Undergrad: 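I'd like to ask some things about the structure below.
Since we're looking at a predicted model, the values are computed, not measured. Values below: every heavy atom of this structure, side chains too, minus hydrogens, waters and symmetry copies.
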2 protein chains.
Amino acid sequence: MTRAHASNPAPDILTLMAAYEGAPDDPAVCPIRDVLDRVAQKWTLLLMIQLSTGPKRFSALQRQVGDISKRMLTQSLRDLERDGLVSREVFPTKPPSVEYALTDLGRSSLEPIAVLTQWADNNHDRIRQARVAFDG
Amino acid sequence: MTRAHASNPAPDILTLMAAYEGAPDDPAVCPIRDVLDRVAQKWTLLLMIQLSTGPKRFSALQRQVGDISKRMLTQSLRDLERDGLVSREVFPTKPPSVEYALTDLGRSSLEPIAVLTQWADNNHDRIRQARVAFDG
DNA sequence: CAGCATCCGTTATGATACTG
DNA sequence: CAGTATCATAACGGATGCTG
């Protein structure tokens with residue numbers, strides 16, 4: 001019950017952070033680096049957001065994300081699938097269609113993604129202002 | 001039964017996500033991409049975590065992060081400074097010392113970072129298991 | 001339709017040497 | 001100490017053509 005990571009930014013965050021101060025840089029050992037390596041990829045988060053509204057087919061994803069190449073779309077989806085965040089189901093139609101969806105694990109990642117998204121949205125202006133000030 | 005995403009983590013998350021479904025991919029316009037471009041950098045998040053426990057000097061950061069080169073450390077700190085997340089103070093000692101610290105904006109970013117970190121920590125095992133299963 | 005293979009330019013990052 | 005400059009390389013990512 002007291003798993004309140006809902007809204008306590010203050011004290012325990014630093015504690016948590018401190019635990020990673022000396023974290024190894026090897027992604028195989030450090031969860032931060034490991035997850036980041038995925039989050040950091042250019043398209044994966046966008047794909048997660050697309051899939052947050054429901055299963056989508058390969059071509060639908062490509063259309064909606066906009067300017068992603070088939071190459072990168074395939075690769076990103078494979079990475080997400082490999083990490084267990086996205087499931088892939090092939091329908092033996094002709095021509096075949098493939099549907100991608102979030103797994104339970106994938107859905108659980110929407111919360112941290114949403115928090116990040118919200119922060120980004122709330123502070124984008126500040127960041128841009130800081131850049132202007134810095135560049136000037 | 002359809003594999004509808006039955007269990008929503010939180011109702012408003014999907015709403016928020018939906019708002020970014022058609023988000024432009026241009027970082028100058030899309031906050032998600034813009035923030036991600038920073039989060040995605042190999043070292044910035046690690047540096048933020050290092051600085052979460054207090055101001056640190058250039059050499060201290062290099063030592064604690066571990067295997068970051070001076071080149072990347074300088075560049076990453078500059079980027080963070082430009083975005084207004086980190087402040088830089090030069091002390092005119094000889095030889096000079098420079099201290100880096102989080103700004104208010106930088107501190108506010110610790111919450112989303114912490115949420116992400118927690119998720120990473122909680123689910124790292126699952127991800128690794130998924131990878132083993134996928135590769136096998 | 002979905003996705004793999006190939007080629008190729010761009011960017012990210014490391015190693016090293018040098019400076020105020 | 002805290003960088004900067006330069007070079008070299010590896011990873012990233014787009015374009016294209018081919019296939020079941």
Side-chain angles (χ1 to χ4, degrees), chain A residues 24-28 30 32-34 36-47 50-51 55-83 86-101 134, chain B residues 24-28 30 32-47 50-51 55-83 86-101 134-135:
Chain A
D25 55 290
D26 182 3
C30 176
I32 305 293
R33 280 254 61 94
D34 205 6
L36 240 53
D37 283 349
R38 186 84 325 123
V39 169
Q41 286 186 260
K42 192 174 180 181
W43 303 108
T44 42
L45 259 209
L46 277 322
L47 290 173
Q50 291 295 329
L51 291 174
K56 295 217 167 66
R57 290 176 53 184
F58 186 90
S59 52
L61 285 171
Q62 184 170 29
R63 210 175 320 113
Q64 287 170 22
V65 170
D67 64 340
I68 187 173
S69 65
K70 282 197 294 185
R71 187 183 186 282
M72 281 300 104
L73 181 55
T74 301
Q75 184 179 316
S76 302
L77 286 170
R78 281 290 177 287
D79 288 338
L80 290 171
E81 189 192 355
R82 191 172 100 99
D83 284 5
V86 163
S87 65
R88 175 177 180 272
E89 189 175 5
V90 182
F91 295 94
T93 57
K94 51 175 179 169
S97 67
V98 180
E99 196 170 84
Y100 293 90
F134 184 89
Chain B
D25 56 289
D26 183 3
C30 177
I32 305 293
R33 279 255 62 92
D34 204 7
V35 169
L36 239 53
D37 284 350
R38 187 85 322 124
V39 169
Q41 286 185 262
K42 193 173 179 180
W43 304 107
T44 43
L45 229 322
L46 277 321
L47 289 173
Q50 291 296 330
L51 291 174
K56 297 218 166 64
R57 291 176 52 184
F58 186 90
S59 51
L61 286 170
Q62 183 169 30
R63 208 175 321 111
Q64 287 170 23
V65 169
D67 64 338
I68 188 174
S69 65
K70 282 198 291 186
R71 188 182 184 283
M72 280 300 104
L73 181 55
T74 301
Q75 190 180 105
S76 302
L77 286 170
R78 282 289 179 286
D79 288 338
L80 290 171
E81 189 192 357
R82 191 173 100 98
D83 283 4
V86 163
S87 64
R88 175 176 179 274
E89 189 175 5
V90 181
F91 296 94
T93 56
K94 51 177 179 169
S97 67
V98 180
E99 194 170 86
Y100 293 90
F134 184 89
D135 293 341

Undergrad: Which value, rounded to the nearest 0.5 Å, describes the distance between A/T44 atom OG1 and A/L51 atom CG?
TA: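 Nearest 0.5 Å value for the OG1-CG distance: 11.5 Å.
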
Undergrad: Would you kindly give the CZ-to-P distance between B/R57 and D/dG3, to the nearest whole Å?
TA: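 In whole Å, D/dG3 P lies 10 Å from B/R57 CZ.
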
Undergrad: Take the protein atom CD of B/E89 and the nucleotide atom C1' of D/dA2, then report the distance between them rounded to whole Å.
TA: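 These atoms are roughly 15 Å apart.
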
Undergrad: Any chance you could measure A/C30, atom SG, to A/D37, atom CG, to the nearest 0.5 Å?
TA: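 The distance works out to 9.5 Å.
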
Undergrad: What I'd like to find out is whether the side chain of B/L36 reaches to under 4.5 Å of the side chain of A/L45, using heavy atoms alone.
TA: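 Yes, their side chains come closer than 4.5 Å.
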
Undergrad: With rounding to the nearest 0.5 Å, note down the distance linking CG in B/D83 to CG in B/D79.
TA: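 Taking CG in B/D83 and CG in B/D79, the distance rounds to 7.0 Å.
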
Undergrad: Please figure out whether B/F58 or A/Q75 has its closest DNA chain D nucleotide nearer the 5' end.
TA: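 Taking each residue's closest nucleotide, the earlier one in sequence belongs to B/F58.
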
Undergrad: Tell me the interatomic distance from B/Q41, atom CD, to D/dA11, atom C1', rounded to whole angstroms.
TA: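 Checked: the CD to C1' distance equals 15 Å.
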
Undergrad: Looking at every strand, decide which applies to B/K94 at a 4.0 Å heavy-atom threshold: base, sugar-phosphate, or nothing.
TA: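 Answer is nothing: B/K94 stays at 4.0 Å or more from every strand.
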
Undergrad: Which value, rounded to the nearest 0.5 Å, describes the distance between A/R88 atom CZ and A/F58 atom CZ?
TA: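 Reported value, rounded in 0.5 Å steps: 9.5 Å.
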
Undergrad: Can you give me the closest heavy-atom contact between B/W43 and B/I68, atom names plus distance?
TA: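 Of all heavy-atom pairs spanning B/W43 and B/I68, the closest is CG-CD1, 3.5 Å.
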
Undergrad: Could you state the atom-to-atom distance from CD of B/E99 to C1' of D/dG3 in whole Å?
TA: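 Atom-to-atom, B/E99 to D/dG3, this comes out as 17 Å.
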
Undergrad: Quick one: does B/R78's side chain get under 4.5 Å of B/R82's, heavy atoms only?
TA: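 The answer is no, as the side chains (C-beta and beyond) never meet within the 4.5 Å cut-off.
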
Undergrad: Tell me: CG of B/L77 to P of D/dA2, nearest whole Å?
TA: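 One finds 11 Å between P of D/dA2 and CG of B/L77, rounded.
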
Undergrad: Calculate the interatomic distance between A/K70 atom NZ and D/dG20 atom C1'; express it in whole Å.
TA: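 The answer, rounded to whole Å, is 13 Å.
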
Undergrad: What closest approach, in Å, do A/Q62 and A/S69 show between heavy atoms, and which atom pair accounts for it?
TA: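 Taking A/Q62 first and A/S69 second, the nearest heavy atoms are NE2-C, 3.9 Å.
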
Undergrad: Nearest 0.5 angstrom please: B/Y100 OH to B/Q50 CD, how far?
TA: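 That separation rounds to 14.5 Å.
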
Undergrad: Within the pair B/R63 and D/dC1, is there a side-chain N or O less than 4.0 Å away from OP1 or OP2?
TA: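 No, because none of the side-chain N or O atoms of B/R63 sits under 4.0 Å from OP1 or OP2 of D/dC1.
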
Undergrad: Nearest-Å distance, CE (B/M72) to C1' (D/dA2)?
TA: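 About 16 Å, once rounded to whole Å.
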
Undergrad: As an exercise, state the distance from CG of A/L47 to CD of A/Q41, rounded to the nearest 0.5 Å.
TA: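 Reported to 0.5 Å precision, the distance equals 9.5 Å.
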
Undergrad: OP1, OP2 of D/dA2 versus side-chain N and O of B/R71: anything below 4.0 Å?
TA: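 B/R71 to D/dA2 OP1/OP2: no side-chain N or O under 4.0 Å.
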
Undergrad: Please find the earliest and latest nucleotides of DNA chain C, in the 5' to 3' direction, that have an atom within less than 4.0 Å of any heavy atom of chain B.
TA: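 It runs C/dT13 to C/dG20.
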
Undergrad: At under 4.0 Å, does any side-chain N or O of B/S97 touch on OP1 or OP2 of D/dC1?
TA: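 Negative; the distance criterion is not met.
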
Undergrad: May I have the distance from A/D79 (atom CG) to D/dG13 (atom P), rounded to whole angstrom?
TA: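 To the nearest whole Å, that distance equals 10 Å.
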
Undergrad: Under 4.0 Å between any heavy atoms, over every strand shown, what does B/F91 touch: base, sugar-phosphate, or nothing? Just pick one.
TA: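 Contact class for B/F91: none.
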
Undergrad: Taking only side-chain N and O atoms of B/Y100, does any of them lie within less than 4.0 angstrom of OP1 or OP2 on D/dC1?
TA: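 No, because none of the side-chain N or O atoms of B/Y100 sits under 4.0 Å from OP1 or OP2 of D/dC1.
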
Undergrad: Given axes from five pairs at either end, by how many degrees does the helix from C/dC1-D/dG20 to C/dG20-D/dC1 bend, rounded to 10°?
TA: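 Angle reported: 50°, given to the nearest ten degrees.
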
